[in-house]
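Data block below; observations after.
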There are 2 protein chains.
Amino acid sequence: MKEKQMPKYLQLKQEILSWLHTGRLKPNDQMPSENEIAEQFQMSRQTVRQTFGELEQEGWLYRMQGKGTFVSTPQTQKSRDVQTIGILTTYISDYIFPHIVRGAESALRERGYRLLLSSTDNDKGKEKESLDMMMSQPLSGLIIEPTKSAEGNPNLSYYLSLDYLHIPYLMINERYPEMNCPSLVVDDEEGGFKAAQHLIELGHRRIAGFFKTDDLQGINRLKGFIRAHHHYQIPLLPELVIHYLTEEKRQKPYESAITMLGQADERPTAFVCYNDEIAIHLLEAVRTTSLQVPQDISLVGFDDSSLATATEVKLTTLSHPKTEMGADAAKILIDMIQNKRANGSEMGKVYKPELIVRESTIQVSLS
Amino acid sequence: MKEKQMPKYLQLKQEILSWLHTGRLKPNDQMPSENEIAEQFQMSRQTVRQTFGELEQEGWLYRMQGKGTFVSTPQTQKSRDVQTIGILTTYISDYIFPHIVRGAESALRERGYRLLLSSTDNDKGKEKESLDMMMSQPLSGLIIEPTKSAEGNPNLSYYLSLDYLHIPYLMINERYPEMNCPSLVVDDEEGGFKAAQHLIELGHRRIAGFFKTDDLQGINRLKGFIRAHHHYQIPLLPELVIHYLTEEKRQKPYESAITMLGQADERPTAFVCYNDEIAIHLLEAVRTTSLQVPQDISLVGFDDSSLATATEVKLTTLSHPKTEMGADAAKILIDMIQNKRANGSEMGKVYKPELIVRESTIQVSLS
DNA sequence: CTACCGTATATGTACATACAAGTTGAGCAA
DNA sequence: TTGCTCAACTTGTATGTACATATACGGTAG
């Protein structure tokens, strides 16, 4: 009797599970009563109860006092094959993130994955919290848009624990060389270059730049902006380069622009803006003076957001993959999950931004 | 002895859980043996086993045959109490939904819940799919923004299964009287009324309305628009009321507006638009003629989105709670979960939209 | 027909006992 | 000291009983 190795209550469990799997018992069927089973299998009712107790815990059965024991409905039992993927983003509602999330969501849904969403509000503490909550239940993969990237990677050690748990992850909008994961980024340096190049080719020589410098995105755009000046051998005037922090975005660029526009003799003829939001903001600033866009000031934004075409003067801007990036992230992550390639920084992608010329930039009058 | 209502094995469970929470027992501490507990609490060893069994199932304890019973390490135990809540929305990236999601997400995260997000793209089939995937693992609650509401509730039977599973849910932006759940809605009829009222009080008499009529939101706004005309005894000209479907939103309102503006003698003096997006669109339409906003045409939008202030002429519009609504939905849902009130349509909320007067509406010249 | 009351039967709680099986450490023998 | 046995613990399995409590159903009084 080799089967004796398995305790009776487990043998009974196997037997009942086979009834369920073979369809001998269907959802909502009533089980034989505890006493019936006990008699049939020549065991005591308490042992049957032990078996039923485990099967109830695992969701196969449910019991109703006075009525009997029943088989659970399928959705409660076979919950196994849907996997979950998390997205950790900085600001859910701002700007272009909804488009990224949308791209990822639809790609995931098509492939039968669920999406967990959490935002960090660019707060390291919240980032840790969010990671904790996400990993509280089985997670198949994670898409991360990191927090405050220009200051390094605060939760690095935390992300490394993902490696330990063999949870594949990738990063969007940012790349950390020290982390061995794919990253999907826009070549912001190229974007900054193209923005400045476009204006220079239109004859502009005094170009102001407004860049948020507490994330790598802003710093890279600024780098490209500077490189274009060097490349075309245009002197870059320090007083025309404004950098600001996230907290200052409502005031500093606006006020700096007003100040610049007040100096009639050394006034810039074009603005390159960190993104469309700031561009719209500076468009306002220009309007408060007697100057006009694009006649007096040409304006270039970034990201090709919905704001860019909402204005009367449609913004010239640089494209951002948005939805495509989200969808790509989802696809690559699923590929990593299915092929068990938990690392693979070679799977990343770099998107080249395209210049979209609209109405906010014109040839400068050669006087 | 009122406490006698609770079975002994549950009383013991509470007691032991309190030991864990107060730190009297720390992770990896050894528990007293089953016999010791049995003697201390004057109960049989079997009863203690029943308690220990549940606590082990729930991850608080682990047992080693021959050695004893021990307290689990934190990561193993508290993985239990993170619950998941789903949001089912029509379009993730459009317009105001990101703000709703953001409000809900931050309220949920504060309270230790995770957020599952899924969008339906206003497709009944996808709605069913999304529901399936969401419920494939334990779900504590669901926030639903229903699909195509003006045509009835296609997946009604599906939602009723939520009742059966005792999953609390609520609806936002829409109310179905036949469903016994709370709903958070904006009083769109009131909004439509206020928009028209504002223009009427500014002296406008020929007011055109553009309404999307394949959801209740649009129909209610239209209702309010009509009611205002009746209330002020202004004749409502049928040719000035345009209704369109979601698929037509890019062409029909725009073209209708152009046509209207072409008729010099019977030209309307104001537009009420279904939302800010259409308002911006019609602002474009006006610009293509030689007319101006607000001098020739006053314009009222809906929802107070970011688009409303992106334009040169800031839009007069009606407020929408957005973030607040998302946060409220999350709070109410958590309340329902914690108080086991699976039904409770009385917990809903109706938001009164406020008129936000900006630059796109002016007093009509009394000629 | 309705309201009420048993009865039968189901699960829920509680206790007692017995033995199996794994762990530990004391104590003894080589 | 080393290696062994064995007693004394632990948890695991199994069975027995008893009573509480919820449900369904049939019969009876009104």
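Any value given below was found using the heavy atoms of this structure, including those in side chains, with hydrogens, waters and symmetry copies removed. Each chain gets a letter, A, B and so on, in the order its sequence line appears, and its residues count up from 1.
- Taking only side-chain atoms of B:Ser44, from C-beta outward, the nucleotide of D:dT21, D:dG12, C:dA16 with the closest atom is C:dA16.
- Under 4.0 angstrom from either OP1 or OP2 of C:dG12 there lies at least one side-chain N or O belonging to A:Arg49.
- With salt bridges taken as basic N to acidic carboxylate O contacts below 4.0 Å, none links B:Glu54 and B:Arg49.
- Between B:Asn35 and B:Glu39, the closest side-chain pair of non-hydrogen atoms is not below 4.5 Å.
- Protein atom OH of A:Tyr9 is 8 Å distant from nucleotide atom P of D:dG12, rounded to whole Å.
- The separation between B:Gln50 atom CD and C:dT11 atom C1' is 12 Å, rounded to whole Å.
- Residue A:Gln42 is in sugar-phosphate contact alone, with no base atom involved, counting any heavy-atom pair closer than 4.0 Å across all strands shown.
- In this structure, CD of A:Glu39 is placed 15 Å from C1' of D:dG16, rounded to the nearest angstrom.
- For B:Gln46 and C:dA16, the CD to P distance is 11 Å, given to the nearest whole Å.
- At a threshold of 4.0 Å, the pair B:Lys223-B:Glu189 does not count as salt-bridged, since none of the basic side-chain nitrogens sits closer than that to a carboxylate oxygen.
- Contacts of A:Glu56 with the nucleic acid, taken as non-hydrogen atoms under 4.0 Å apart, are absent.
- For A:Glu34 and D:dG16, the CD to C1' distance is 15 Å, given to the nearest whole Å.
- Whole-Å rounding puts the A:Asn35 CG to C:dT11 P distance at 8 Å.
- Contact check, A:Lys67 against D:dA24: a side-chain N or O comes under 4.0 Å of OP1 or OP2.
- Taking atom CD of residue B:Gln65 and atom C1' of nucleotide D:dT11, one finds them 5 Å apart after rounding to whole Å.
- Using cut-offs of 30° and 60° for the angle between ring planes, the B:Phe41 and B:Trp19 rings count as tilted.
- Across the protein-nucleic acid pair, B:Met31 atom CE and D:dT10 atom P stand 13 Å apart, rounded to whole Å.
- Taking 4.0 angstrom as the limit, B:Thr47 places a side-chain polar atom (N or O) nearer than this to OP1 or OP2 of C:dC15.
- Proximity of B:Arg63 to the phosphate of D:dT10: no side-chain N or O atom is located under 4.0 Å from OP1 or OP2.
- Contact annotation: A:Thr69 reaches the phosphate of C:dT11 (side-chain N/O to OP1 or OP2, under 4.0 Å).
- The two residues A:Tyr9 and A:Thr51 come nearest to each other via the heavy atoms O-OG1, 2.9 Å.
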